[in-house]
S.K.: 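Take this structure first; my questions come after.
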There are 2 protein chains.
Amino acid sequence: MASARNESAVTVRDVAQLAGVSPGTVSKALNGQGQLREETRQRVQEAADKLRFRPNQVARSLAEGRTYTVGMLTSDSFGRFTLPLMEGIEDSLGAGKVSTLLCDGRGDPLRERHYLAELLNRRVDGIVVTGRRPDARRSVGQLPIPVVYVLGRSDDPGDLSVTNDDEQGARLAVEHLVAHGRTRLAYVSGPAHHLSTQLRQQGFEAAAAAAGVEVADVLLGRWSEAWGRTAAQMLARRTGGAVDAVFCGSDQIARGLTDGLREAGVRVPVEVSVVGFDNWDVMAEAARPPLTTIDPRLVRLGRESASRLLAAIDGAELGQGVVAQPCELVIRESSVPT
Amino acid sequence: MASARNESAVTVRDVAQLAGVSPGTVSKALNGQGQLREETRQRVQEAADKLRFRPNQVARSLAEGRTYTVGMLTSDSFGRFTLPLMEGIEDSLGAGKVSTLLCDGRGDPLRERHYLAELLNRRVDGIVVTGRRPDARRSVGQLPIPVVYVLGRSDDPGDLSVTNDDEQGARLAVEHLVAHGRTRLAYVSGPAHHLSTQLRQQGFEAAAAAAGVEVADVLLGRWSEAWGRTAAQMLARRTGGAVDAVFCGSDQIARGLTDGLREAGVRVPVEVSVVGFDNWDVMAEAARPPLTTIDPRLVRLGRESASRLLAAIDGAELGQGVVAQPCELVIRESSVPT
DNA sequence: ATGAAAGCGCTAACAA
DNA sequence: TTGTTAGCGCTTTCAT
């Protein structure tokens, strides 16, 4: 029965025969192992090319005890944040000639357990677990292979989590605002129970205190444009100049806020400066004015986590705890009165 | 050398020994093959559980000549459209117990060739190639395994491409508009050279003709909000009532358009109805008013393509040409004057 | 510098 | 109903 598509079943043996050497020699020649005469190596290479030899990676994995594959398990289904993360992960892995097996946990613990088992059965060399917000998620537990959590951190401090530094990002925003002469700052963000909301608030308050500027308001709601617009109305209602800068927990909020302010007759950035978070191009660039924002550098985060995983697979110590990577300030027009 | 993580190297032999049977029997028992006494099957199962046996999928693949893995190759890097597609693909594959190997071609032909070779070396059972727009892409050529193109179609009519029906989607929009009494329709869309722009225009014009309503304007530009706003100004400049409905080629355009119209003093949907395309929640729901739009059913597209691939892997005829799946109308507030 | 042989962990045909 | 025996295609000692 098996596969009826055995047409291209060229094996090391075929190559060996054509090159007039043994299978073992073919393996060495093609993988650059052992001591081979250059002439032999070439002859093998030519034979392989001629036969369009495709080394069976499955057999190789079995023999070598290593699959050159890592699993990527998403906590809560694919989100917008997953994309840049994946890109970075692929960057690192591709360089190491390892492939990515994709598993979408969809926030379902059962589904996740299933996938985890599957990855283990497939003998992946390591696993990266991604979440979509910095909030913590349950550890997948002790596994015989290295695991790294990215963006969403593990609740087990013994695991390694790589994420962006929300506090630092918030500080960056405040310092930028203060540098441009703003002194009465507000913070408008998502749900109070989200870790990212909290961390950014901490950074916001700490930086404001350090700079000696007033925290004029803190408004917590949802991660939506609609909430940004609502917050804008609340802010606009306060008599003139009570707030001259707003740091928003997301670009969506920031966008809603700028729309709301504009419609309330408040000029951005002349009267009020606005800084967002995420550097989500489609929001930040379409906003009027385009948003100055904090970029969590998701691609780099993915790259960093995957390269740590690779190192661990190659025997390095994986490390533990939360590694927070710095965010970056991206300046557009919403924060700089000209 | 090899892997130092051989701790959990429980094999069929270990299970066989514990259960007091032969390795062959373990295989049959665990995979439900052959004729086994129920009692034996149970004993084996218990032994396997006790030893926490993880059947080595690599060895199985080698023996069986099938990897239960398909490759997913993205044409032009991960885009917003890739996410729902992936979700659907995973839906179908997951049910068939097959995993997905992810490869991001990033629009680089060289990179793509490399990945293709890698997938072949890994002996995937099939490949799905995704693009982000319905526009055509180069075929990956004849491969020893089935390949299906999704969203982005192959330029080789001998390949199978699964995509959404843009013309039908446009017709849906027009029919909806006409049903609500609109008679002077405009089409505002992306670049003229994009296949999706063209197909939607064809559907738009055909449906307008069929309904006997006027095509008041066709404005082609870019896929951005900014273009939507610009178009709104152009439309608003025409003296009152020249256009009473606009079908947009994307939700981004539609959103920019509604913003532009509102700011020009044109009321949506009272004076002008607007219908978008994509049903991209973050745009459609945040727009004011929320957008009526055409949903290309991307998740279903992914599901459909993957299930066809699975069938082909199991020996069915793959079929060829472009299979266009119908879009769906999603009604919100931008099109229905109350 | 190269060949021979064993084995990675599983499945599947054939025997018993 | 179960056990035995060959492989699957590659890598890797160990001889030569």
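Here is how names work: the chains are called A, B, and so on, in the same order as the sequence lines, proteins then strands, and each is numbered from 1.
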S.K.: Can a side chain N or O of B:N56 be found less than 4.0 Å away from OP1 or OP2 on C:dC8?
M.R.: no
S.K.: In whole Å, I'd like the distance from the CZ atom of B:R54 to the C1' atom of C:dC10.
M.R.: 16 Å
S.K.: Can you tell me how far P of C:dC10 sits from CG of B:N31, to the nearest Å?
M.R.: 10 Å
S.K.: Provide, to the nearest angstrom, the distance between the CZ atom belonging to B:R13 and the P atom belonging to C:dG9.
M.R.: 8 Å
S.K.: Whole angstrom is fine here: how far is it from CZ in A:R60 over to C1' in D:dT12?
M.R.: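 Atom CZ in A:R60 sits about 13 Å away from atom C1' in D:dT12.
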S.K.: In whole Å, I'd like the distance from the CG atom of B:L62 to the P atom of C:dC8.
M.R.: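 Going from CG in B:L62 over to P in C:dC8 covers 13 Å.
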S.K.: Suppose we screen for salt bridge (Lys or Arg N to Asp or Glu O under 4.0 Å). Which residues come up paired with A:R300, at least two apart in sequence or across chains?
M.R.: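 A:R300 satisfies salt bridge (Lys or Arg N to Asp or Glu O under 4.0 Å) with no other residue.
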S.K.: How long is the line joining CG of B:L120 and P of D:dG9, in whole Å?
M.R.: 15 Å
S.K.: Please answer whether the main-chain N or O of B:T67 pairs with a side-chain N or O of B:T69 as donor and acceptor at a distance below 3.5 Å.
M.R.: yes
S.K.: From C:dT11, C:dG9, C:dC8, pick the nucleotide closest to the side chain of B:T11?
M.R.: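 So the side chain of B:T11 is nearest to C:dG9.
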S.K.: Rounded to whole angstrom units, what separation is found between the CD atom of A:E64 and the P atom of C:dG7?
M.R.: 19 Å
S.K.: In whole Å, I'd like the distance from the CD atom of A:Q57 to the P atom of C:dC8.
M.R.: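 One finds 19 Å between P of C:dC8 and CD of A:Q57, rounded.
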S.K.: Please tell me whether B:R60 and B:N31 have a donor and an acceptor in their side chains that are separated by less than 3.5 angstrom.
M.R.: yes
S.K.: Atom pairs, N/O to N/O, protein against nucleotides 2-4 of chain C, distance under 3.5 Å?
M.R.:
from  : atom 1 : to    : atom 2 : distance (Å)
C:dT2 : OP1    : A:R37 : NE     : 3.3
C:dT2 : OP1    : A:R37 : NH2    : 2.8
C:dT2 : OP1    : A:T40 : OG1    : 2.5
C:dT2 : OP2    : A:R37 : N      : 2.8
C:dT2 : OP2    : A:T40 : OG1    : 3.1
C:dG3 : OP2    : A:S22 : N      : 2.8
C:dG3 : OP2    : A:S22 : OG     : 3.3
C:dG3 : OP2    : A:T25 : OG1    : 2.7
C:dG3 : O6     : A:K28 : NZ     : 2.8

S.K.: Between A:S75 and A:R132, do the side chains contain a donor N or O and an acceptor N or O under 3.5 Å apart?
M.R.: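 No donor-acceptor contact under 3.5 Å links the two side chains.
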S.K.: Does any donor atom in the side chain of A:Y115 or B:E90 lie under 3.5 Å from an acceptor atom in the other side chain?
M.R.: yes
S.K.: Any pair with a residue in residues 31-50 of chain A that passes salt bridge (Lys or Arg N to Asp or Glu O under 4.0 Å), sequence neighbours left out, goes on the list, sorted by first then second residue, please.
M.R.: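 Non-adjacent pairs meeting salt bridge (Lys or Arg N to Asp or Glu O under 4.0 Å): A:E38-A:R41, A:E39-A:R43.
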